[in-house]
Amino acid sequence: MKETYNHTEIEAKWQKVWLDGKIFRAPDDSAKKKYYVLDMFPYPSSAGLHVGHPLGYTATDIMSRYLRMNGYNVLHPMGWDAFGLPAENYAIKTKVHPEKSTLASITTFTRQIQSLGFSYDWDREVTTCLPDYYRWTQWFFSFLYKNGLAYRRKAPVNWCNSCNTVLANEQVENGKCERCKKDVIQKDLEQWFFRITDFIEDSGNTNGLLSGLDTIDWPESTKISQRNWIGKSEGAEVDFEIEGLDEKISVYTTRLDTIFSGTFLVVAPESPLVMRITTTDQKKDVEEYVKKTALKTELERLELEKEKTGAFTGSYALNPATGAKMPIWISDFVLAGYGSGAVFADAHDERDFEMAKKFGIPLKISLRPENDELWEKVKNLEVCYPDEGTLVNSGEFDGLTSAEARTKLCDWLGKKGMARPKVNYKLRDWLVSRQRYWGAPIPVVYDDDNNHYLLPDDELPVLLPHDVDFIPTGESPLRKSVSFHNPEDMKRIEEKLKSSGEMPKERHLTRRESDTMDTFVCSSWYMLRFMDPKNPAAFASKELMKKWGPVDLYVGGAEHTVLHLLYARFFTKALHRYGYLPYDEPFAKLRHQGMILAEDGQKMSKSLGNVINPDEVVEKYGADTLRCYEMFMGPFDQKKAWSMGGVEGVRKFLDRTYRVSLKPIVAEKPGDDILAVLHKTVKMVKEHIEELRFNTALSQMMILTNELTKLEKVPHSVLETFMLILSPFSPHLAEEIWNGALGHKDSIAFESWPEYDPKYLIEDEVTYAVQVNGKLRGELIIGRDAEKEEVLSRAKELENVKRHLEGKTIVKEVFVPGKIAGYVVK
RNA sequence: GCCGAGGUGGCGAAAUGGUAGACGCGAAGGACUUAAAAUCCUUUGGGAUUACCUCCCGUGCGGGUUCAAUUCCCGCCCUCGGCACCA
């Protein structure tokens, strides 16, 4: 071995050995117990790898290497989430085809990831933008369609004017597009949806998206986010008759206890009901208001500070509890997509209260708060009281609490057929069609009457054509592609559809579906493809999915708490329901990595010029240093700021470790002192790896290196054990020392994880902290077997302790074996 | 507004009822060197005292439980993240 630690040479050498030898291949036929460790696969951006990527990848690599050494057959794959808008936007700007730029980015990412020495099974690499992958994405569309879980519907949808495409609810942030941060507007369009709402509750033996959360080991905060996003609420549906019309309005409420104070109804302006109930007198007002609302952006509508707006329809509904006439208004604070798009309004809701005040609509009170002072104000309609209380002005229900009243009122109205219990959810079906080019084509064709037909399975894949203009026009770029609508293909498909009887004889196919699928569809099932990545006959075989799945440990950023993680659960549950999978949750254990901030504490960004390039760190300090540094920065799941000083500190640790290996390596028996530190380290590293507490695992190994630095000669067995536990963190250096100084022939990667011997952890002498009234007053070093009486009487004799006991009476003695000797004095 | 995470030296952080600040960075001093770098050693929360023994204060703030609280309980403050007119 060389005199100095040459990371460049060492790392290149071992990476070649690992890659060429394919030593991390996960065999399908191994008898060992399986363990599936998965990273959220990256979008290969043209900016290259970010230092945030190796944080998660190092953690999973440590776990994978650790588990292999513990006898597991570890599946640890890597692939590319390669469809998506950035490549397409880049194409619009530069005319470089997205496929070209994406494949170039993948090449860069591959080189960068491989330069970090991760133990991926590269034979399982998948790339979502290649036909052998996306033909199965298309298969999933067909699978969902055939089971009634994919459907086409005209609905108000989120439209981004800048990206020229529709967006899923999950992709709208504060009324702005998740990607380009421009305003999102509402449009009525016919789009494809996946019926994710069908999987909220349990059905058959498939756990729902809600109850399934109780079966998986995920961060509680992520589970809570998913529950909130699904937004289950339990209430009642109440019918309101409309005066003079043979029509009823059904309204959802969680506050049936306030029904007696309901004085008006508010309907969403988009509701189809609006035109039917508007009287001739009010037509002008209402139409004007509806038009104005339609022009507003999502952001304007969400503006919370704004005054309530609205228009009177001229119609009246009848309160089912009191029979009173209730004017029906329209206002944009009522959401068309939730419940029935209508609410009954009263004085006990802040929004309704505001609306009534603004338009002079009469209000009534039906709830009394505990506080008398408040009650005076509430009674006089000076303030809104939206909380629960005691019923008043509610006939026979007076005196009940809100909770009691809700049940009784629902029964009472239920008997008259005017109300029933009802559960509502915020989660909507997933809108998956996008008017963009760089995505998986939807396997559907249309005829001259605009009827759609699912393509037969043998027509898959529908290849993405290359003869397209990327400039977004609001119409999908694929629409005008000539090769996409090749007459021969269309004719063949038409014949197939006609011979199967799906298509009437008199119709003709005119076009393919030109929308592509949301890229989240591609990433909803990739964890399954890794289990059987080359299968030409299925997205993955049942046997291999049973063998490898579910993912045992999934690691990625917390930004995917709803989008990807919810969609992937939905896909898994759909497959489970139809018998493809023996499990209904894709990720048994999930952990998030914290964000890495720039040295200035801000987010890394090109415009701030504070981005750290992992390539430069690898070149200057080495991959092992980068890996260990990122693990040493702090708790894995917390955000933390980069520090080049910290990088150098970790590099010094590896330098010192290297120098330890240059000392004389001797066969003689190690001393008890070094064995005590060694075995303590083995124990702690094992425990801390299992809890993903890599920072403290490394601290302990630093202590060991510091101890070894003090020795003249290094016992062979000590260095051997050290390299074994260091190898998951710093695999190149560990291999080098294992093969060089320690003289082994085989890779360290498949050696057995060392056991620690508890006998070295027990010290002959222990130090007692001696406390008087809980304050430290001295230390007592004594044999570990010393009895309580002996410890307490010896501790009492310590000079300083004596001083604090002088003139006081001992009222209690405290004894914690091996730790505390204490006296409570008065 | 609601939900979640967090607040400990000059800095990143340890310690989940038992000696607060392990480990690392930074800083100061020393050894080696012609010198520097590298390396090695020592010191390093604040204050009093300098007898270097000891005492007081100290984990966002205010209370409480306990012999003992960063840790448990109650009430606040601040920072960051998510959701947000969901009736």
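Rounded to whole angstrom, the span from the CD atom of Q638(A) across to the P atom of rG6(B) amounts to 6 Å. The CG atom of L256(A) sits 14 Å away from the P atom of rA87(B) (whole-angstrom rounding). Whole-Å rounding puts the N773(A) CG to rC55(B) P distance at 13 Å. Atom-to-atom, CG of L597(A) to P of rA5(B) comes out at 19 Å; the value is rounded to the nearest Å. Taking atom CG on L563(A) and atom C1' on rG82(B), their separation rounds to 12 Å, with Å as the unit. In this entry the distance linking CG of D655(A) with C1' of rA37(B) reads 13 Å, nearest Å. Residue Q226(A) contributes atom CD, which lies 15 Å from atom C1' of rC3(B) at whole-angstrom precision. Counting to the nearest Å, the C1' atom of rA22(B) and the CE atom of M702(A) are 12 Å from each other.
Between atom CG of residue L363(A) and atom NZ of residue K357(A) there is a gap of 6.5 Å, rounded to the nearest 0.5 Å. Taking CD of E787(A) as the reference point, atom CZ of R794(A) lies at 13.5 Å (rounded to 0.5 Å).
Rounded to whole Å, the separation between the P atoms of rC56(B) and rA68(B) comes to 15 Å. Nucleotides rA14(B) and rG21(B), compared at atom P, are 15 Å apart to the nearest Å. Across the C1' atoms, rU70(B) and rU59(B) are found 5 Å apart, a figure rounded to whole Å. With both ends at atom C1', the span from rC77(B) to rA27(B) equals 33 Å, rounded to whole Å. rG24(B) and rC76(B) have their C1' atoms separated by 35 Å, with the value rounded to a whole Å. rC80(B) and rC74(B) have their C1' atoms separated by 25 Å, with the value rounded to a whole Å. Distance noted for atom C1' between rU71(B) and rU65(B): 13 Å (whole Å). Comparing the C1' positions of rG26(B) and rG10(B) gives a spacing of 8 Å, expressed to the nearest Å.
Under a 4.0 Å N-O distance rule, the pair K788(A)/E813(A) does not qualify as a salt bridge. Salt-bridge annotation for E799(A) and R803(A): absent, with no side-chain N of the basic residue lying under 4.0 Å from a carboxylate O of the acidic one.
Against the 90° criterion about 0, the sugar-base torsion of rG9(B) places it in the syn range.
Among the atoms of the strands shown, only primed sugar atoms or phosphate atoms (P, OP1, OP2) are found under 4.0 Å from some heavy atom of S233(A). Using a 4.0 Å heavy-atom distance criterion, E779(A) is classed as a base contact. Within 4.0 Å (heavy atoms only), H804(A) reaches sugar-phosphate atoms of the nucleic acid but no base atom. Within 4.0 Å (heavy atoms only), T254(A) reaches sugar-phosphate atoms of the nucleic acid but no base atom. Note on I703(A): only backbone sugar-phosphate atoms sit closer than 4.0 angstrom, heavy atoms only; bases stay farther off. Heavy atoms of N800(A) sit under 4.0 angstrom from primed sugar atoms or phosphate atoms, though from no base atom. Residue contacts shown for R428(A) include a base, since a base heavy atom lies under 4.0 Å away. Nucleic acid contact for K426(A): base, since at least one base atom lies under 4.0 Å from a heavy atom of the residue. Note on D352(A): nothing from the nucleic acid sits closer than 4.0 angstrom, heavy atoms only.
Using Watson-Crick or G-U wobble geometry with both donor-acceptor distances under 3.5 Å, rC11(B) finds its partner in rG24(B). Across all strands shown, rC52(B) forms no Watson-Crick or G-U wobble pair with both key distances under 3.5 Å. Judged by Watson-Crick or G-U wobble contacts below 3.5 Å, the nucleotide rC2(B) has rG82(B) as its partner. Using N1 to N3 plus N6-O4 or O6-N4 for Watson-Crick, or N1-O2 and O6-N3 for G-U wobble, each under 3.5 Å, rC72(B) pairs with rG64(B). Pair assignment for rU16(B) gives none, since no Watson-Crick or G-U wobble pairing has each distance under 3.5 Å. With a cut-off of 3.5 Å on both pairing distances, rU59(B) has no Watson-Crick or G-U wobble partner at all. Nucleotide rC32(B) forms no Watson-Crick or G-U wobble pair with any nucleotide shown, as no partner meets the under 3.5 Å limit on both distances.
Looking at the side chain of R693(A), the nearest of the listed nucleotides rA14(B), rC56(B), rC3(B) is rA14(B). Checking rC23(B), rA13(B), rC85(B) against every side-chain atom of F632(A), the shortest atom distance belongs to rC23(B). Checking rU19(B), rC25(B), rA87(B) against the side-chain heavy atoms of L776(A) singles out rU19(B) as nearest. If you check rA87(B), rG4(B), rA13(B) against the side chain of D349(A), the one that comes closest is rA87(B). For R656(A), taking side-chain heavy atoms from C-beta onward, the closest of the listed nucleotides rG6(B), rA87(B), rG24(B) is rG24(B). Among rG18(B), rC40(B), rA84(B), the nucleotide with an atom closest to any side-chain atom of W229(A) is rA84(B). Checking rG26(B), rA87(B), rC67(B) against the side-chain heavy atoms of V814(A) singles out rC67(B) as nearest.
Regarding contacts with the backbone of rG17(B), every side-chain N or O of K819(A) stays at 4.0 angstrom or more from both OP1 and OP2. Within the structure, every side-chain polar atom (N or O) of N228(A) is placed at least 4.0 Å from both OP1 and OP2 of rA84(B). Within the structure, every side-chain polar atom (N or O) of Y823(A) is placed at least 4.0 Å from both OP1 and OP2 of rC67(B). For rC83(B), the OP1/OP2 oxygens have no side-chain nitrogen or oxygen of R227(A) closer than 4.0 Å. The side chain of R777(A) contributes an N or O atom lying less than 4.0 Å from OP1 or OP2 of rC55(B).
The 5' end of RNA chain B is approached more closely, in terms of each residue's nearest nucleotide, by K640(A) than by the other of K640(A) and K812(A). Closest-nucleotide positions on RNA chain B for K775(A) and T696(A) were compared, and the one nearer the 5' end corresponds to T696(A).
A tilted orientation is assigned to the rings of W329(A) and F359(A), their planes being inclined by 30° to 60°. Using the six-membered ring where Trp is involved, Y567(A) and W430(A) have ring planes that are parallel, under 30° apart on the 30 and 60° scheme. In this pair, Y385(A) and H348(A) present their aromatic rings perpendicular. The plane angle is above 60°, beyond the 30 to 60° band.
When side chains are defined from C-beta on, P219(A) counts as touching L590(A), because their heavy atoms get closer than 4.5 Å.
Geometric assessment of K308(A) against the ring of F333(A) yields a positive cation-pi assignment under the 6.0 Å and 45° thresholds. A cation-pi arrangement is not found for R227(A) relative to W218(A), the charged atom failing to lie both closer than 6.0 Å to the ring centre and inside a 45° cone about the ring normal.
For Q771(A) and rG18(B), a side-chain-to-base donor-acceptor distance below 3.5 Å is present, hydrogens and geometry of angles not being considered. In this model, no side-chain donor or acceptor of K639(A) finds a partner on the base of rC80(B) within 3.5 Å.
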